[in-house]
Amino acid sequence: MRRRPRRTRSKTTVNIVLAVICLIWLIPTVGLFISSFRPATEILKSGWWTVFPHKENVATHTITLPKDTDLRQPIEVDGTMYTDDQLRSGAKAPDGSVFVWENRRARTISVQQSGWTMNTNFTTENYEGVLTGKQYQITDTDGSVKTKKGNGLSRAFLNTVTVSIPATIIPILIATFAAYAFAWLRFPLRKTMFVIVIMLLVVPLQVAMIPVLKDYTALGLNGTFLGVWIAHAGFGLPLATYFMYSYISQLPKDLFESAFMDGASNFTIFTRLILPLAVPSIASISIFQFLWVWNDYLVSLVFIGNQPNVQVLSMKIADMVGTRGNDWHLLTAAAFISMLMPLAVFFGLQKYFVRGLLGGSVKG
């Protein structure tokens, strides 16, 4: 009877710790989501947390001083003298209100009082600018100003899908074949080749980019989808092979012996036994590979380029923000649009994810 309270306290402690960790992870995402619906001017003036009830100085009315008021001398406001510096930073009045310059040149002072408020000014303009293209002001040679609209994310989204799906299927399929061969087939230099695959896990992909790019240029693959598929497949194969080997090597040996006794070939065993049994592991490594390819910037930039007809989402979003980052409010909306496909893939394969990660960890 004494053990139950201890177990209950331990369980409660674990749940609290997990809740705190989840909250810490969710706060940036919630802030990004809220910012994606806020106007650019509001984002520059205040943080996303101001959409919740909070205390803030709210302007109640405006005091207009005489036009000839000398700002170098003490300034009288409602019978109290203040300096120009005090009014710049906000001077506290005897009644608790705050006097601050509203327009120093026009000699107007804003009277503010502390109160509960919420910034509920939301808009969908950020998403409209991302989906349909943001507007540009262009001045012609005759001095006239024209407004033009840039391209949206639709082409970049399709390009990213075109890159991600084959770049996920190709390495996973090859890695599954290789894992089966390393685990259950006997051929010369099997262990040596497997060790080489494991060693490739520690090789930074940046080291191979320039040599591969030179070969691509000679073969005419640079700037093509085929080239970036091969690059992603090559960089993702070592991890995928090791991951699949860890699962397939733990399958019961009797299963393969029975299949061989029934006259099944290696291809039949692979298609009829390995693939159905390895679905959880295939789904798990597919999630990792897809997320890596979908969010990739460097590999696509090097092997496919930054031309508008082949741009992927990561490049397009970077272009939308601008070189000076002055349009970063568009990044908040674009980030959530780019998250739609990875979230769909993750939730679609979620039931296999944990099973695949634990596959091969326990024998029997």
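Here the structure is a predicted model, which means the values were calculated and not measured. Note that these values count all heavy atoms, side chains included, but never hydrogens, waters or copies made by symmetry.
Criterion: ILVMFWY side-chain heavy atoms under 4.5 Å apart, direct or through other members. Under it, Phe187 and Ile174 are not part of a common hydrophobic cluster. Tracing side-chain contacts under 4.5 Å through hydrophobic residues (I, L, V, M, F, W, Y), one reaches Leu65 starting from Phe99; they form part of the same cluster. If you chain together hydrophobic residues whose side chains sit under 4.5 Å apart, Leu291 and Ile169 fall into the same group. In terms of hydrophobic clustering, with Ile, Leu, Val, Met, Phe, Trp and Tyr side chains grouped at heavy-atom distances under 4.5 Å, Val312 and Met209 are assigned to a common cluster.
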Exercise for the section: Evaluate side chain to side chain contact (heavy atoms under 4.5 Å, CB included) for Leu153 paired with Leu313, printing each intermediate quantity in order. Expected result: CA-CA 7 Å; Leu153 290 181; Leu313 272 176; 3.9 Å; yes
Handout entry: Test side chain to side chain donor-acceptor pair (under 3.5 Å) applied to Thr332 and Arg38, step by step
Key = CA-CA 10 Å; Thr332 58; Arg38 301 186 70 204; over 6 Å; no
Exercise for the section: With ring pair (Phe, Tyr, Trp, His ring centres under 6.0 Å) as the test, would you mind laying out the steps for Phe235 and Trp229 before giving the verdict? Expected result: CA-CA 10 Å; Phe235 296 139; Trp229 294 341; over 10 Å; no
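Atom CZ of Phe37 sits in a crowded spot, with more than 12 heavy atoms from other residues, nucleotides or ligands closer than 6.0 Å. The number of heavy atoms from other shown groups lying within 6.0 Å of CD (Glu125) does not exceed 12. Taking a 6.0 Å sphere around CD of Gln307, one finds it holds 12 or fewer heavy atoms contributed by other residues, nucleotides or ligands. Annotation: Phe267, atom CZ; neighbour count of heavy atoms from other residues, nucleotides and ligands within 6.0 Å does not exceed 12. In the displayed structure, Met193 atom CE is contacted under 6.0 Å by at most 12 heavy atoms of other residues, nucleotides or ligands.
No close placement of the Tyr245 and Tyr180 rings is indicated, their centers lying 6.0 Å or farther apart. For Tyr127 and Phe336, the ring centers are positioned 6.0 Å apart or more.
Counted by atom type alone, Asn306 and Gln311 present one or more donor-acceptor pairs between their side chains at under 3.5 Å. Residues Ser284 and Ser281 bring no donor and acceptor atom of their side chains to less than 3.5 Å of each other. A donor and an acceptor atom, one from each side chain of Trp184 and Asn266, are nowhere located under 3.5 Å apart.
Ion pairing between Arg104 and Asp84 holds under the 4.0 Å rule for side-chain N and carboxylate O.
Residues Ser338 and Ile317 meet the side-chain proximity criterion, which asks for heavy atoms closer than 4.5 Å. Within the 4.5 Å cutoff, side-chain heavy atoms of Trp101 are placed close to those of Leu71. Using a 4.5 Å heavy-atom cutoff, the side chains of Val299 and His232 are in contact. Considering only heavy atoms from C-beta on, Thr62 stays 4.5 Å or farther from Ile109 through its side chain.
In plain terms, the two heavy atoms of Pro252 and Phe256 that are nearest each other are O-CD1, 3.4 Å. What you find for Met244 and Ala278 is that their closest heavy atoms are CE-CB, 3.9 Å. Pairing each heavy atom of Tyr216 with each of Ala231, the nearest pair is OH-N, 3.3 Å. The two atoms that bring Ile248 and Thr176 nearest to each other are CD1-O, 4.0 Å, heavy atoms only. Between Ser110 and Ala59 the shortest heavy-atom distance is OG-CB, 3.5 Å. Taking all atoms of both residues into account, the shortest heavy-atom contact from Ser164 to Phe290 is CB-CE1, 3.7 Å.
By the 30° and 60° cut-offs, the orientation of the rings of Phe177 relative to Phe270 is parallel.
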